[in-house]
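Have a look at the structure below before the remarks.
Every chain is numbered from 1, with letters handed out A, B, ... down the list of sequences.
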2 protein chains.
Amino acid sequence: MDPEQRKHEVADGVLAEKINHLRDRLYPDPADRPGYAKLAARIREQTGKPMSATYLWELASGRKRNITQDTLATLAEFFGVPPEYFLDDVVTSRVDAQLELVTALRNQKVRSIALRAEGLSDDTLDALLVMVTEARRIERLGPSADTARREPDESG
Amino acid sequence: MDPEQRKHEVADGVLAEKINHLRDRLYPDPADRPGYAKLAARIREQTGKPMSATYLWELASGRKRNITQDTLATLAEFFGVPPEYFLDDVVTSRVDAQLELVTALRNQKVRSIALRAEGLSDDTLDALLVMVTEARRIERLGPSADTARREPDESG
DNA sequence: AAGACCCATCCGCTCAAGCGGACGGTTGCT
DNA sequence: AGCAACCGTCCGCTTGAGCGGATGGGTCTT
């Protein structure tokens with residue numbers, strides 16, 4: 001199975017899967033693997049922050065999922081993962097889309113052009129768009145990643 | 001609490017600052033800047049998730065700080081930043097560098113121009129820079145935020 | 001067979017996350 | 001002057017995150 005599709009269907013219970021996965025990885029031997037009571041006790045000892053066995057089970061079984069920043073930080077600290085580990089979901093794709101733009105804007109002159117284009121009239125922007133597209137053709141560059149995309153928002 | 005051994009001390013206390021910073025970046029013009037009531041309404045419209053004006057103010061003023069994953073995702077989605085922005089300082093500063101551009105790039109056409117300008121030769125970029133600057137003068141727009149800045153990066 | 005543990009699961013409570021509605025102050029329009 | 005709209009701020013309420021303390025069932029010793 002491809003791991004890209006499952007993040008859509010089980011987007012609700014991902015947190016539970018991640019906690020169980022981290023517990024299994026931290027205690028590979030099922031014989032030595034502690035239950036939620038002992039695990040919560042160890043989290044309390046190691047991090048100094050509160051953590052109850054009941055709530056830990058509720059999280060691991062998917063009954064509760066909307067955790068606060070404090071709880072998230074506690075789990076991340078104990079399992080030795082960055083806090084972002086627990087919240088990478090469908091938003092990741094949107095970040096990727098932004099990264100594409102960030103790559104283009106690494107050039108200082110491209111940045112300047114973008115900044116100075118802000119606020120210009122629609123007609124002027126269209127004219128500039130024609131120019132830059134034509135310049136691309138002249139310099140024998142392939143079409144930009146933008147040409148294929150169609151985003152129907154941005155009221156203005 | 002225990003203010004002794006926290007590694008992300010800044011990330012804890014300054015959620016309020018981050019929210020205010022993001023609001024100021026998204027609405028650079030103080031005259032057009034909405035209050036918490038209108039801002040919350042826009043968050044609701046744009047994300048489809050609930051968000052009250054009172055709670056938004058409580059967050060921005062530092063009265064509440066331990067937000068849940070849902071609220072965090074709502075804010076991140078609206079402000080166009082990765083959710084880690086509110087957790088990690090490193091991510092915060094890295095994203096902040098881009099936010100100024102994101103403000104300008106809300107316009108779809110400006111985005112397209114920036115994407116297509118990538119890879120063009122230096123001479124062509126200079127020519128485009130002249131054109132867009134001239135267009136600004138013709139349309140009676142003030143100088144962009146970029147014109148005053150001198151950044152000594154991008155050696156090549 | 002009974003005591004001592006540990007397990008997953010459940011019930012019910014506390015308290016803060018989150019919200020609705022109001023208050024007084026300021027700006028601007030008529 | 002009045003009204004309308006918006007602002008930041010406060011109060012009190014509901015809801016759910018998070019927890020303490022049962023419960024019953026399994027697996028060891030003795």
Side-chain angles (χ1 to χ4, degrees), chain A residues 12-24 26-27 29-79 83 86-87, chain B residues 1-2 11-24 26-27 29-45 47-79 83 86-87:
Chain A
D12 310 3
V14 201
L15 177 64
E17 288 181 10
K18 286 179 182 179
I19 290 179
N20 282 314
H21 176 69
L22 285 172
R23 183 182 68 147
D24 294 355
L26 190 59
Y27 301 98
D29 186 11
D32 190 32
R33 184 172 303 163
Y36 295 111
K38 282 209 161 188
L39 184 58
R42 266 172 220 188
I43 293 179
R44 262 177 274 131
E45 290 176 21
Q46 191 165 323
T47 65
K49 298 170 183 172
M51 173 58 61
S52 77
T54 302
Y55 187 50
L56 191 60
W57 167 74
E58 286 174 329
L59 290 178
S61 63
R63 261 150 234 264
K64 300 283 179 71
R65 55 172 202 81
N66 194 21
I67 67 177
T68 64
Q69 277 203 71
D70 285 351
T71 306
L72 185 130
T74 301
L75 293 176
E77 181 181 347
F78 175 76
F79 286 113
F86 293 105
L87 35 85
Chain B
M1 310 205 184
D2 46 345
D12 283 359
V14 291
L15 173 69
E17 288 181 12
K18 288 182 181 179
I19 291 179
N20 282 314
H21 180 68
L22 285 172
R23 183 181 68 146
D24 294 353
L26 189 60
Y27 302 98
D29 186 11
D32 189 34
R33 186 173 302 163
Y36 295 112
K38 283 209 161 189
L39 185 58
R42 265 172 221 189
I43 293 179
R44 263 177 273 130
E45 290 175 19
T47 66
K49 298 170 184 173
M51 174 57 61
S52 78
T54 302
Y55 188 50
L56 192 59
W57 167 74
E58 286 175 329
L59 290 178
S61 63
R63 262 149 235 264
K64 300 284 178 70
R65 51 172 266 290
N66 193 21
I67 67 177
T68 65
Q69 272 206 73
D70 285 351
T71 305
L72 184 132
T74 301
L75 292 176
E77 180 182 347
F78 175 76
F79 286 114
F86 296 104
L87 310 175

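Following rounding to the nearest Å, A:Lys38 (NZ) and C:dC7 (P) show an atom-to-atom distance of 6 Å. Distance B:Trp57 CH2 to D:dG8 P: 10 Å, rounded to the nearest Å. For the pair B:Glu58 CD and C:dG20 P, the computed distance is 12 Å after rounding to whole Å. Rounded to a whole Å, the NZ atom of B:Lys64 is 15 Å from the P atom of D:dT9. One can place CG of A:Asn66 at 5 Å from P of D:dA17, the figure rounded to the nearest angstrom. As a whole-Å value, the separation of B:Tyr36 OH from C:dA22 P is 23 Å. Atom OH in B:Tyr55 sits roughly 17 Å away from atom C1' in D:dG12 (whole-Å rounding). Rounded to an integer number of Å, the gap from B:Arg44 CZ to C:dG18 P is 15 Å.
Side-chain atoms of B:Asn66 do not come within 3.5 Å of backbone N or O of A:Thr68 as any donor-acceptor pair. Judged by distance alone, the side chain of B:Arg23 and the main-chain N or O of B:Pro34 form a donor-acceptor pair under 3.5 Å.
For a distance-only test at 3.5 Å, the side chain of A:Ser52 fails to qualify as a donor-acceptor partner of the base of D:dG18. Evaluation of atom-type donor-acceptor distances gives a pair under 3.5 Å for the side chain of B:Thr54 against the base of C:dG21.
Contact annotation for B:Thr68: backbone-only contact, meaning every heavy-atom pair under 4.0 Å involves sugar-phosphate atoms and none involves a base. At the heavy-atom level, A:Ser61 lies nowhere under 4.0 Å from the strands shown. If you check every strand for non-hydrogen atoms under 4.0 Å, A:Arg63 touches sugar and phosphate atoms only.
Applying the 4.0 Å criterion to OP1 and OP2 of D:dG18, one finds that A:Thr71 has a side-chain N or O inside that range.
In terms of heavy atoms, A:Gly62 sits closest to A:Ala16 at N-CB, 3.7 Å.
In this structure, the separation between NZ on B:Lys18 and CG on B:Leu87 is 7.5 Å, given to the nearest 0.5 Å. Here the CZ-CG distance, from A:Phe78 to A:Leu39, works out to 5.0 Å after rounding to the nearest 0.5 Å.
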